[in-house]
Visitor: 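Take this structure, written in C-alpha cells, and hold onto it; I'll ask about it next.
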Amino acid sequence: MFGTKGIDHLAQPGMISTVIGGSYPSGPSSAEPPLIWQMLGRNEIAAYNVPSGVIFDMLREAAAKRPGVLTKVGMDTFVDPAQQGCAMNEAAARKPIVRKVEFDGEEWLYFPAIAPTVGIIRASTADERGNLTFEHEGAYLGAMEVALAAHNSGGKVIAQVKRIAQAGSLRPHDVRVPGILVDYIVEAPDQLQTTATVYDPAISGELFRPLDTFRTPDFDVAKVIARRVAMELKKGWAVNIGFGISANVPRILLEEGRHGDVTWLIEQGAVGGIPLLDFKFGCSSNAEAFVASPHQFTYFQAGGSDASLLSFLQIDKEGSVNVSKLAVRPHVTAGAGGFVDITSRAKRIIFSGYFNAGAKFDIVDGKLVITKEGKVAKIVDKVDHVSFSGKRGVAQGQDVTYVTERCVLKLTQQGLVVTEVAPGIDVDRDILAQAQTPLKISPDLRVMDALLFQPAVFGLDLER
C-alpha cells in the first residue's frame, strides 16, 4: 500500500492463482494500481473479499478437521451468494466460495474450511525450540489460528521474529504459539513494528505515554463531524472504531477531558488505550489488554459491543452502506476488512463521512459555509456494493445513525430521516437537492449544537 509492496511480492505469473482476503492493497486514484489489482482486473487470479473474522473462523474449522463455517455474517450484503458471494472478479464468480444453506430451520451462509499447507506468522522472539512470544507486537492477530490450521493439515509453519533466545528462557505465560506448531524460524532483526513504526513501547504495552503527547485534531469540518459522533456515546460503553473520521473520536474525548469514560476496541485485538491513526491504525497506545483478533471478532459478530463507529463511501435509500468498492476506481478502496463482521449484529452503528465528495467548506462565526459544492453524490438511490444492509438492520432492530458535516440522519422503517441540520445550512438547497434519493425530514428537526462549530472545547457530556 502506498509504496509498500506487501502481497505484490507474490503478484507474478504462475506464482499465485487465488487470493482470499479481508483487505487488499489500496492507494490514491492517481497512482498505478498495485500489481495484485492489475492481475485481478485481468482475471489472471480468482480474488475474494471475505469478512476478516470469517476467514479466522474458516481456519479454526480446518484446524479441528470440521467441514466449514455456518454464519449469518454477510447476509444480504456483497458476501451473500444472492449478490456477489464475495467474488471480486469473473474468475472468482466461476468458483463460488460461499453458499446459502438451510440448517435447523434457518438460512445460513456456509464457508468451507481453509486447510493451508504453509502458514506464515510473525512474533517478537523465538527460543531454540520455536516457542514464540509477542512482547514487541501491537497485536496477536491470528497467529495461533494460522499455525494450528497449517500444522493440523499436515503443512509447515514459518515464523518470522526479531531475535532468538535460549531454549527454556521464555516465561511459559508469555508464549502465545508453542514450538510444537513451528517448523522454521526466520530471524529479521530489523522487522518493523507497524508499517510506519520501527518500535514504540507504548504500542506493545510496555509503557504508557503521557496523555498530553497525543495529537488532537486541528479545528476543521472533519473535527466537527467527529465531535458530533462523540455526542452519540455514553459513559461506560465499550465502543469499536474503524478507519476514517471516526478514528479521531478518541482524541475528541481526550481533548474534552473524557478519556477513560469509553473503552475503545479495534478488530486487530487492542482493548482500551488510544487507537492510533494513519498507517499505525490497527494498533493502540496505552492499551489495557490485547485479545487475539479471532476472539475480538467473535465478540463483534455476536453484537457484544455497545456501539460501532464506522465510515461510509455511499448510503442508499434503504440505509445500506458501501465501504468496500468504488466501481470506477476499485484500487482506491481496501475491501471490507472486518466491517461486515462488526456491523452484522451491532446494537448501535454511527456511520460518519462527508455528505458528498469534493465539496469545500469554511466555518464562519459558528456556521457551516459551503464554498464549493461537491460533484459526486454519496447519498444515492442504490449503492455500488452492499457492505451493510439497511433493510436487514431495520429488521434486526439495529440503531443506525449517519453523521455528516451538514446533517444527521437516522435509519427508520420509513427510510432515511434527517433529524439535525448544521447551522448555516439550507435544507432544500444543501441537503435535499444534493442527494440522489428522496430524504424525509423529521417533524422535530433540530439545529446541531453551535458549540461544535467553535474552536474551543464544547463540553462533551457522556452522562446525560
Side-chain angles (χ1 to χ4, degrees), residues 1-12 15-16 19-25 34-36 52 55-56 59-60 62-63 114-201 203-206 267-270 276 279-283 290-294 296 337:
M1 293 175 65
F2 292 87
T4 299
K5 286 194 72 172
I7 196 174
D8 271 6
H9 286 293
L10 304 181
Q12 301 177 37
M15 180 173 277
I16 190 168
V19 179
I20 301 168
S23 297
Y24 281 71
L35 296 178
I36 201 73
S52 295
I55 294 177
F56 287 128
L59 289 165
R60 285 195 286 197
I114 299 174
T117 51
V118 177
I120 302 174
I121 61 177
R122 69 168 255 175
S124 300
T125 303
D127 73 7
E128 294 166 302
R129 294 176 57 81
N131 295 300
L132 305 180
T133 59
F134 287 67
E135 65 274 9
H136 289 173
E137 307 306 309
Y140 302 136
L141 300 178
M144 185 65 170
E145 279 67 22
V146 172
L148 274 172
H151 177 84
N152 286 3
S153 301
K156 300 295 184 184
V157 177
I158 305 169
Q160 175 182 300
V161 298
K162 289 177 70 174
R163 55 197 184 179
I164 308 294
Q166 181 180 320
S169 64
L170 302 179
R171 294 198 325 158
H173 275 293
D174 294 338
V175 174
R176 306 294 304 187
V177 178
I180 57 173
L181 301 179
V182 178
D183 298 286
Y184 300 98
I185 297 294
V186 176
E187 189 176 9
D190 298 328
Q191 75 177 17
L192 296 175
Q193 190 180 36
T194 80
T195 308
T197 314
V198 174
Y199 171 63
D200 176 355
I203 287 176
S204 44
E206 297 166 272
E267 65 190 62
Q268 290 78 5
L276 301 177
F279 285 111
K280 298 179 184 179
F281 186 82
C283 293
F290 294 117
V291 175
S293 195
Q296 194 88 302

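Fair warning: this is a prediction, and the values are worked out from it, not measured in the lab.
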Visitor: Can you tell whether the side chains of Glu135 and Arg171 come within less than 4.0 Å, N to carboxylate O?
Guide: no

Visitor: Examine Arg176 relative to Phe134 and say whether NZ or CZ is less than 6.0 Å from the centre of the six-membered ring and inside a 45° cone about the ring axis.
Guide: no

Visitor: Kindly indicate whether the side chain of Leu181, heavy atoms from C-beta on, has any atom under 4.5 Å from the side chain of Met144.
Guide: yes

Visitor: Which atoms form the tightest heavy-atom contact between Leu170 and Asn131, and what is the distance?
Guide: CD1-O, 3.6 Å

Visitor: How many angstroms lie between atom CD1 of Ile121 and atom CG of Leu132, to the nearest 0.5 angstrom?
Guide: 5.0 Å

Visitor: Tell me, do Asp183 and Val157 make a side-chain contact under 4.5 Å, heavy atoms counted?
Guide: yes

Visitor: Can you tell me how far the CZ atom of Arg60 sits from the CD atom of Glu145, to the nearest 0.5 Å?
Guide: 5.5 Å

Visitor: Determine the minimum heavy-atom distance between Asp174 and Thr133, stating which atoms define it.
Guide: O-CG2, 3.4 Å

Visitor: Of all heavy-atom pairs between Leu59 and Ile114, which one has the smallest distance, and what is that distance?
Guide: CD2-O, 4.1 Å

Visitor: CZ of Arg129: more than 12 outside heavy atoms within 6.0 angstrom?
Guide: no

Visitor: Please give me the minimum heavy-atom distance between Asn152 and Ala63, naming the atom from each residue.
Guide: ND2-O, 2.9 Å

Visitor: Give, for atom NZ of Lys162 and atom CG of Leu192, the distance between the pair rounded to the nearest 0.5 Å.
Guide: 9.5 Å

Visitor: On a heavy-atom basis, which atom in Val177 and which in Ala147 lie closest, and how many Å separate them?
Guide: CG1-CB, 4.1 Å

Visitor: Are Pro34 and Ile7 close enough that some pair of their side-chain heavy atoms sits under 4.5 Å apart?
Guide: no

Visitor: Are there over 12 heavy-atom neighbours, none belonging to Gln166, within less than 6.0 Å of that residue's CD?
Guide: no

Visitor: With distance as the sole test, does Gln160 use its side chain to make a donor-acceptor pair with the main-chain N or O of Ala188 at under 3.5 Å?
Guide: no

Visitor: Nearest 0.5 Å, what's the NZ-CD1 distance between Lys156 and Ile120?
Guide: 14.5 Å

Visitor: Specify the closest pair of heavy atoms between Ala150 and Val118, including all atoms of both residues, with the distance to one decimal.
Guide: CB-C, 4.2 Å

Visitor: If we ignore hydrogens and angles and just use 3.5 Å, is the side chain of Gln191 paired with the main-chain N or O of Ala123 as donor and acceptor?
Guide: yes

Visitor: About how many Å separate CD of Glu187 and CZ of Arg163, when rounded to the nearest 0.5 Å?
Guide: 10.5 Å

Visitor: How long is the straight-line distance from NZ of Lys280 back to OG1 of Thr194, given to the nearest 0.5 Å?
Guide: 6.5 Å

Visitor: Relative to the ring of Tyr199, is the ring of His136 parallel (under 30°), tilted (30 to 60°) or perpendicular (over 60°)?
Guide: tilted

